[in-house]
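Just the heavy atoms: all of them, side chains too, but no hydrogens, waters or symmetry mates, feed the values below.
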Amino acid sequence: MHHNDLPPFTGRVPYLAAVADLAEGPRMMTEPVDCPEDGPRAGMPLEAAFRDGVPVFRPGPGLAAGSAG
């Protein structure tokens with residue numbers, strides 16, 4: 001996302017918006033954080049994290065930022 005006039009997003013652009021399929025079945029709109037340099041990809045395992053009380057997802061174990069996965 002490169003443009004968003006709605007608070008609180010105005011000062012946070014650019015950011016990544018994604019839909020995560022949870023193991024329990026539902027899908028959740030989220031912002032992936034700390035993704036590898038080669039970027040996020042479909043099917044990438046994620047783990048839940050919280051930023052300022054808001055759920056976000058980061059790459060699962062072994063896929064920390066900067067790793068090739």
Taking only residues two or more places apart in sequence, or in another chain, which ones meet Glu47 in a side-chain hydrogen bond (donor to acceptor under 3.5 Å, both in side chains)? Arg58
Would you mind reporting whether Leu22 and Phe57 have side-chain heavy atoms less than 4.5 Å apart? yes
Identify, with sequence neighbours excluded, every residue that meets side-chain contact (heavy atoms from CB on, under 4.5 Å) alongside Arg51. Arg12, Glu31, Val33, Val56
If you compare all heavy atoms of Ala20 against all heavy atoms of Leu46, which two are closest, and at what distance to 0.1 Å? CB-CD1, 4.2 Å
